[in-house]
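Working notes for the structure below.
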Amino acid sequence: MNLQATIAAVKKGEVKAEERVNKFLQVIQSTKEFNAYIKINDKQAKAKAVSVDHRIKDGRKTGKLAGCVVAIKDNINIKDQETTCASNILKGFISPYSATVIEKLEQEDAIIIGKTNHDEFAMGSSDENSCFGPVKNPHDPKRVPGGSSGGSAVAVALDTVDVALGSETGGSVRQPAGLTGITGLKPSYGRVSRYGLVAFASSLDQISPFAKDTADLAVLFNVIAGHDERDSTSAEIEVPDYSAYLNKDVKGMKIGIPKEYFADGLDGEIRDGILQIVEQLKAAGAEIRDVELPLSEYGVAAYYILATAEASSNLARYDGVRYGHRNKDKAGLTEMYAQTRNEGFGDEVKRRILLGTYVLSHGYYDAYYKKAQKVRRLIKNEFDSVFSEVDALITPTTPTTAFLIGERADDPLQMYLSDVYTVTANLGGICALNVRAGKDKNKLPFGLQIMANQFKEEILFQIGDFIDRKCTRYQWE
Ligand code: GLN
């Protein structure tokens with residue numbers, strides 16, 4: 001039963017929200033070794049489920065997500081709960097308010113079952129940078145699930161929830177969705193409120209949803225999308241009903257295949273799997289065109305300059321005075337700041353603060369930061385120009401399937417290159433969806449990425465859902 005049908009059954013009283021929560025809690029217990037969760041809200045989740053069931057029994061109104069069970073990445077604030085960002089520096093910090101997305105979920109009677117593990121402050125591509133230890137891939141626990149929102153991806157892939165929220169700055173939802181065989185959307189910049197999301201790189205960050213497939217994703221995205229006056233970067237643009245774009249065909253749609261995303265470095269099995277689906281779209285009447293996005297090759301370089309610059313500024317607030325951990329050696333204010341940050345941040349976060357401070361420093365600002373901003377603008381222009389010719393682009397989501405835990409941990413550059421196909425969408429502010437594409441000969445999943453121009457998510461839902469329903473999967477079983 002898909003999510004829409006499940007919610008309908010809960011609303012009719014045929015399925016009890018309480019039983020669903022109990023079942024999910026059992027699965028969470030039996031899959032603990034994957035380390036997907038930081039905290040389980042069993043009491044609150046059960047109480048919410050009982051209240052939903054009571055209201056249904058009494059014939060009272062319930063929300064659009066009645067009985068839908070959700071997991072939340074631990075960089076999204078929930079009032080009166082700890083928000084750790086998987087960092088020692090925030091341990092003990094209790095959020096005084098809820099993110100807008102959390103308020104929306106609660107208003108629509110979703111049941112929040114827990115907070116998920118992720119790379120510290122959402123920095124990483126493997127979920128190895130968490131103070132709570134690495135998250136493991138359900139398809140092979142020796143391998144990473146991708147990152148940084150790997151805990152939320154694994155929570156969905158292991159069937160411990162219906163859907164989950166993560167966050168995207170450079171691929172942190174699409175990449176783990178691809179590597180765990182589920183669906184993940186990076187919304188257009190401004191489509192979802194960032195209010196209550198702990199900032200990493202504010203001009204790139206978006207709260208982003210995971211689901212098993214595109215149809216389930218639409219149910220969740222319909223609730224979280226939309227303008228919020230508490231986030232000045234959220235767009236005042238009408239939100240369509242994304243479910244209306246499901247169950248359609250792709251006849252006449254123009255789909256571009258950018259050759260730069262199929263060049264050296266892409267695993268051959270992934271290439272074949274993606275192109276096989278492209279052939280199926282063609283057979284279904286889509287018009288397939290070869291296109292070029294030559295600036296994509298500068299995406300990773302520009303991203304890691306801009307994201308670290310913004311991170312170095314955003315993370316300055318963790319000084320031991322205002323949030324979480326404080327060094328108690330009483331050596332004076334400056335030493336307290338330094339010691340707190342030294343003890344609280346992990347290696348990758350420190351590396352990025354150093355790199356970001358460097359590219360913003362006098363003498364290097366023009367050479368790195370300013371140049372990267374220009375490249376970003378040109379990448380955006382390139383997307384605008386290609387989207388004047390085609391409705392959507394199709395690419396792989398990742399160059400390889402899931403790698404081994406530890407394999408890239410000591411080689412940051414190798415790690416950063418896992419994001420080669422995803423960072424461009426964040427730089428351009430456009431939207432992009434990962435759908436399941438197939439599995440390689442080792443039975444490891446890989447994803448297909450669909451990109452569309454800013455605020456054109458409906459195109460992603462139309463094509464993504466078509467692929468889910470109609471396209472044969474490369475070695476899927
Ligand atoms: N992997 C990228 C990084 O490490 C993206 C992270 C993200 O999207 N939060 O910065």
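Predicted model, so just to flag it, every value in this text is computed and none were measured. All heavy atoms count here, side chains included; hydrogens, waters and symmetry mates do not. As the structure lists them, so they are numbered: ligands from 1, and atoms in each ligand from 1.
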Nearest-neighbour protein heavy atom for atom 6 (C) of ligand 1, which is reported as residue plus atom name and distance
S172 OG, 2.9 Å
Counting non-hydrogen protein atoms only, what is the nearest one to atom 2 (C) of ligand 1? Give residue, atom name and distance.
D419 OD2, 3.2 Å
Can you tell me if Y416 contacts ligand 1 (heavy atom of the residue under 4.0 Å from the ligand)?
no
Pairs of nitrogen or oxygen atoms closer than 3.5 Å, one from F200 and one from ligand 1: do any exist?
no
Picking from D162, D159, D468, what satisfies side chain to side chain donor-acceptor pair (under 3.5 Å) with K212?
D159
Please verify whether a non-hydrogen atom of G171 lies at under 4.0 Å from ligand 1.
yes
List the residues meeting side-chain contact (heavy atoms from CB on, under 4.5 Å) with A201, not counting sequence neighbours, and say none if there are none.
T169, L204, D205, A307, E310
Around atom OH of Y97, are there more than 12 heavy atoms of other residues, nucleotides or ligands at under 6.0 Å?
yes
Which heavy-atom pair separates G147 from P176 by the least distance, and what is that distance?
O-CD, 3.6 Å
Are R322 and D319 close enough for a salt bridge, meaning some N to O gap below 4.0 Å?
yes
shortest atom 3 (C) of ligand 1-to-protein heavy-atom contact is with Y304 OH, 3.2 Å
What about K73: any of its N or O atoms under 3.5 Å from an N or O on ligand 1?
no
Is there a donor-acceptor contact under 3.5 Å linking the side chains of E457 and S188?
yes
From the options E348, M415, R352, select the one whose nearest heavy atom is closest to atom 4 (O) of ligand 1.
R352
